[in-house]
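The basis for the numbers below is simple: all heavy atoms, side chains too, and nothing from hydrogens, waters or symmetry mates. A, B, ... follow the sequence lines: proteins, then strands. Residue 1 opens every chain.
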Amino acid sequence: MKEHLTDLLFNAVRQLTDEINKSQIIIERPKLIEHGDFSTNIALVLSKTLKKQPRDIAQLILDYLPEASHFNKIEIAGAGFLNFFLSALSHQTIINKVIKEKDGYGGSQNGKSQKIQIEFVSANPTGPLHVGHGRGAAIGDSIARLFEFSGWEVTREFYYNDAGAQIDNLMRSVKAHCLNIKPDHKDFPEDGYRGNYIADIAKEYLAKTSIKCADNKIKASGDINDEESIRIFSIAYLRNEQDQDLEAFQTNFDIYTLESDLYKNNKVNFVVDTLIKEGHTYEKDGALWLKTTNFGDDKDRVMKKSDGDFTYFVPDIAYHLDKWTRGFIKVINEQGADHHSTISRVRAGLQGLNKNIPKDWPEYVLHQMITVMKDGVEVKISKRAGSYVTLKDLIDEVGCDATRYFLAARRADSQLIFDIDLAKSRNNDNPVYYIQYAHARVEGVLNQWEGDRNTLYINAPHPFETQAEKKLIKRISEFPEVVVQATNELAPHQITNFLKDCAADLHSYYNDSKFLVDDELTKKARLALIYATQCVIKNGLALLGITAPKKM
RNA sequence: CUGCCCGUAGCUCAAUCGGAUAGAGCACCAGCCUUCUAAGCUGGGGGUUACAGGUUCGAUUCCUGUCGGGCAGGCCA
């Protein structure tokens, strides 16, 4: 429809000037239904080159536009906008299309089955998942669902930093507990983790418990002096716990990659050797440096410390080379904003490998920090201090649907205040119920009708007259465009906004009209409209990983 | 000090490559259930879009500066 309108306008405008290309024709969706289903500002844009009043240009374009059955009215409004109003035939086409495509409505094959990899959460196995990881999970998984819906072949991936200094801290913290040294004791590791969960791990370790981790089963030796065993058990314990939390959050991963494997498989060494060979490194102060300044960084970075260990971003480069080698033309990393300094280093390292990797690959979505409020005061999130808002707590108290909704409902790049009391409330304050309620309400009506939903096509143009009907039809017709934009901008919050608006339109219509009326044609037309709306809401909720209940 | 993100109604947030009267929810006020789910609807009050300039037919959006908040800037991760 939009493309068709663009063509019509392009042909009309070409009668006025040659200095125009198709990309300049912009079709918008007006916010107000009074401004029609589509509008264009092309007359305003052309006013300078044509040296005419915008409204006069709009009239000329209007004169050159052919008769079209899609619209029953085209008008000039405001400063020179052209507004298009859909005809009954178009309304019929839209509603029937939704009902025909059902679960597929809004999706596309734009991705052409190309491979995309989305890495998200990627929490260190040093503690339970907290609300920040939840934000990453909600946003990352929704982005994955958006790309799937748009015809991409998506791989969801979780990267475990199971090597390095923070794992030593974990091991020493657990060991301290095994030796009955508590966090307030002077001998407790200074950089140790102080949460209660550390005591739990120690207890299980001493009890020689077995833990399921990925495909393996890890049995604790219970030997206090076996640091390797403590380390392996602690990681397995926390990974297992994280896996359970993610499952409860309706978030599943296709692949888990371990940092330790990158070392084992010599992928880290390969990257280091290549960078040396390509001449992007130098030695200074007993350390090996990477010339990241060659690629836009403001200073060079240490790759290999004087004690022989690599710095954290080196395995990161190896990991991303691995992603590239696996054939992902598009890679998106969803992380907390505190990781933003790694972007330039990873990209610089990849450039230095001389593998023709694009400069802006991989892409990043960084979400800002979350402030958690409870009873009107801020809850500090600190792993080491032990004060902790876990994702599991939220899911238990608020439910998966509401948690996912709240964490995905806002632009990633703005700081977010998560009000536990609000999210917990199972009443009208909670927008997720508002949307789900719209879905359930339609289900109620369709059940009372008792007809066969597969016969709910509109067979002849039906005059939808009321504002509520026109708004609703316009709304559901916009859904595919919203999906495209949310996908392109990696912005699932646009889906939550859309759903809120769509639910509001449905509720208005519900109060405005009766559906189960005597006149057969009117009844079927109205039922078809709300059924189509229900499909849209269901598809939208699915993109967010939220259930669409039939009864509430 | 330097870089990145943010600043919109009392609160939490939107706003379609720059568009029409800056929109929702919560809170507040007034109405709507013997008829399909009132977890709903209708109406009302509430704004110098942090501030000051600039670009243009038009700026919440782009540019410059100031102020305020967050995050980074370790041979920490």
Q: Just N and O in the side chain of A/Lys51: are any of them under 4.0 Å from OP1 or OP2 of B/C57?
A: no
Q: Tell me which residues in residues 510-520 of chain A lie within less than 4.0 Å of RNA chain B, going by non-hydrogen atoms.
A: A/Tyr510, A/Asn511, A/Ser513, A/Lys514, A/Phe515, A/Leu516
Q: Looking at the side chain of A/Ile417, which of B/C76, B/A20, B/U12 is the nearest nucleotide?
A: B/U12
Q: How far, in whole Å, is B/A15 from B/A50 if one measures between their P atoms?
A: 15 Å
Q: Contact class for A/His339 vs. all strands (heavy atom < 4.0 Å): base, sugar-phosphate, or nothing?
A: nothing
Q: Does the side-chain ring of A/His35 sit on the six-membered ring of the B/A20 base, less than 5.5 Å centre to centre and under 30° in tilt?
A: yes
Q: Is the base of B/C33 syn or anti, if syn means a glycosidic angle within 90° of 0?
A: syn
Q: Under 3.5 Å for both donor-acceptor distances, Watson-Crick or wobble: does B/U60 have a partner, and if so which one?
A: none
Q: With heavy atoms under 4.0 Å as the rule, sort A/Asp285 into base, sugar-phosphate or nothing.
A: base
Q: Could you check which nucleotide pairs with B/C76 in any of the strands shown, counting Watson-Crick or G-U wobble with both distances under 3.5 Å?
A: none
Q: Does a side-chain N or O from A/Arg441 land closer than 4.0 Å to OP1 or OP2 of B/A38, or not?
A: yes
Q: Any chance NZ of A/Lys474 has more than 12 other-residue heavy atoms, nucleotides or ligands included, within less than 6.0 Å?
A: yes
Q: Could you give the distance separating B/A39 and B/C26 at their P atoms, to the nearest angstrom?
A: 13 Å
Q: Using Watson-Crick or G-U wobble geometry with both distances below 3.5 Å, tell me the partner of B/G43, or none.
A: B/C29
Q: Taking 4.0 Å as the cut-off, does a side-chain nitrogen or oxygen of A/Gln415 come that near to OP1 or OP2 on B/G7?
A: no
Q: Categorize A/Leu366 for me: base, sugar-phosphate, or nothing, with a 4.0 angstrom heavy-atom threshold over every strand shown.
A: nothing
Q: Please check the phosphate of B/C41 (OP1 and OP2 only) for any side-chain N or O of A/Tyr434 closer than 4.0 Å.
A: yes
Q: Would you say B/A20 has OP1 or OP2 under 4.0 Å from some side-chain N or O of A/Lys31?
A: yes
Q: Report, as yes or no, whether the 6.0 Å neighbourhood of atom CD on A/Gln24 holds more than 12 heavy atoms from other residues, nucleotides or ligands.
A: yes
Q: Tell me whether the side-chain N/O atoms of A/Arg301 come closer than 4.0 Å to OP1 or OP2 in B/C75.
A: no
Q: May I have the distance from A/Lys299 (atom NZ) to B/C1 (atom C1'), rounded to whole angstrom?
A: 12 Å
Q: So, does the side chain of A/Ser39 form a donor-acceptor pair with the base of B/A20 at under 3.5 Å?
A: yes
Q: Would you classify A/Lys551 as touching base, sugar-phosphate or nothing, given that sugar-phosphate means primed atoms plus P, OP1 and OP2, and contacts are heavy atoms under 4.0 Å?
A: base
Q: On a plain distance test, is the side chain of A/Tyr433 in donor-acceptor contact with the base of B/A39 below 3.5 Å?
A: no
Q: Taking the C1' atom in each of B/G54 and B/U61, what is the distance between them to the nearest angstrom?
A: 15 Å
Q: Answer with base, sugar-phosphate or nothing: what part of the nucleic acid does A/Met369 contact at a heavy-atom distance below 4.0 Å?
A: sugar-phosphate
Q: So, is A/Ser508 near the phosphate of B/U42, with a side-chain N or O under 4.0 Å from OP1 or OP2?
A: yes
Q: Consider only side-chain N and O atoms of A/Ser122 and A/Glu119, and report whether a donor and an acceptor are under 3.5 Å apart.
A: yes
Q: OP1 or OP2 of B/C57 versus the side-chain N and O atoms of A/Lys48: is any pair under 4.0 Å?
A: yes
